[in-house]
Number of protein chains: 2
Amino acid sequence: MEDKREIMKHDSVGAWAKRLYFAARAMMDSVLRPYDLGSTQWYVLYQLANEGPTMQRDVVRMLRIERATLSGIVSTLVRKGLVDQTLDSVDQRQRMLRITRSGRKLWKELPDPTALILAIAFDGADPIELAITRRVLQTATQRLNEHISGGNQA
Amino acid sequence: MEDKREIMKHDSVGAWAKRLYFAARAMMDSVLRPYDLGSTQWYVLYQLANEGPTMQRDVVRMLRIERATLSGIVSTLVRKGLVDQTLDSVDQRQRMLRITRSGRKLWKELPDPTALILAIAFDGADPIELAITRRVLQTATQRLNEHISGGNQA
DNA sequence: TTCGATTCGATAGCTACCTAACAAATATTG
DNA sequence: CAATATTTGTTAGGTAGCTATCGAATCGAA
């Protein structure tokens, strides 16, 4: 009764990609839990703390998530008082996101969970093998994405 | 303004693992959408159709998800009439899951989305590179998981 | 200039994951 | 045997993703 299939079969690359993603998420969540922050909330804060005020729609592009997803995350951050969201004066459709004072204060206390994950997961790994892995994953991802857009549009 | 960080930095292995997982999920979802089934629901059906009735807690182990997560998925499948859930006669804590007649009927119409994903993503890829990739991902996952259990318990 | 298309954000409703807390059943142990 | 511990499943509440749809603002083109 051994385990067989998660996303895709057996112990395929796909199954391991999923497991790595979940392990990394678990680590990130456990680092951020004391601060009551989710992982994507952290990314938004990172952006605003390091690059300054950003249009909401640019954050969508950078994080590669849907507008609707970010909309919820932003409203959570606003509710917590970490971010504020104002109408852009030129284009009234767009919203400008800006970290608040208390957001910046929290940000200063925060560890960088991504650095920790990188260190634990890949420290000492062979750079060549890492490069191969990256390329294999990237190629597979591209193929799937092309198939989805191609198949649905043509 | 290029994209920087998803889970972990830049175009790290971790970031690509996440992207591959989401691309595969998107493909799986799009194949299953006409049948009104989610990906994990499909895995549960797969198990019950191919291995026969299974204890709920064994499904938890095989799918590597939390009891609470499966609980919700099972109740969805029961609501749809695809699976039934009965008390075990010996151990009244446990529930036995069994595919229903209409579940089996649906199962016969269903394509295998995992085969499709494997074909699109990895067909023609170098087996050696795939093996390397699998090993890199596996090692990284193990390291993260060890760190989580180790760090929290010791 | 007006009418239609596009863009941006919000909302509703869904899947899939998680933790925490609880109740019931069973196992263990003093 | 009784008290305690463990196992199993559910519920509540949270995060993170998605699609579909809507309304408001803006842009373009006839």
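Chain letters run A, B, ... following the sequence lines, proteins first and then strands; every chain starts at 1.
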Point to revise | Nearest listed nucleotide, side chain of A:Q56, among C:dA25, C:dA10, D:dG17 | key: C:dA10
Check your understanding: If only atom types and distance count, is the side chain of B:S89 paired as donor or acceptor with the main-chain N or O of B:L87 below 3.5 Å?
Key -> no
Point to revise | Touch class at under 4.0 angstrom, heavy-atom based, for B:D29 against every strand present | key: nothing
Review point. Could you give the distance from CG (B:L97) to CG (B:L77), rounded to the nearest 0.5 Å?
Key: 9.0 Å
Check your understanding: For C:dA16, does either OP1 or OP2 sit under 4.0 Å from a side-chain N or O belonging to B:Q41?
Key -> yes
Review point. Can we say B:D29 and B:R25 salt-bridge, meaning some charged N sits less than 4.0 Å from an Asp/Glu carboxylate O?
Key: yes
Check your understanding: Is A:R93 near enough to C:dT7 that one of its side-chain N or O atoms lies under 4.0 angstrom from OP1 or OP2?
Key -> no
Review point. Rounded to the nearest Å, what distance is computed from the CD atom of residue A:Q92 to the P atom of nucleotide C:dT7?
Key: 19 Å
**Study point:** Sugar-phosphate, base or nothing in reach of A:S71, heavy atoms under 4.0 Å
**Key:** base
Practice item. Assign A:V90 to base, sugar-phosphate, or nothing according to its heavy-atom contacts below 4.0 angstrom with the strands shown. Key: sugar-phosphate
Review point. Separation of A:Q94 atom CD from D:dA25 atom P, in whole Å?
Key: 14 Å
Check your understanding: Taking all non-hydrogen atoms of both residues, which atom of A:L32 and which atom of A:G38 are closest, and how far apart?
Key -> CD1-O, 3.8 Å
Could you write out each protein N or O paired with an N or O of nucleotides 18-22 of chain D at a distance under 3.5 Å?
residue : atom : partner : partner atom : Å
D:dC18  : OP2  : A:E66   : N            : 2.9
D:dC18  : OP2  : A:T69   : OG1          : 3.1

Review point. To the nearest angstrom, how far is B:R25 atom CZ from C:dC17 atom C1'?
Key: 9 Å
Review point. Rounding to a whole Å, what distance do you find between B:I73:CD1 and D:dT10:P?
Key: 12 Å
Check your understanding: If you round to the nearest 0.5 Å, how far is CE of B:M55 from CG of B:D88?
Key -> 3.5 Å
Review point. Are any of A:T40's side-chain N or O atoms less than 4.0 Å away from OP1 or OP2 of D:dG17?
Key: yes
Exercise for review: Whole angstrom is fine here: how far is it from CZ in A:R57 over to P in D:dT26?
Suggested key: 13 Å
Check your understanding: Can you find a side chain N or O atom of B:S39 that sits less than 4.0 Å from OP1 or OP2 on C:dA16?
Key -> yes
**Study point:** Whole-Å gap separating P (D:dG23) and CZ (A:R95)
**Key:** 16 Å
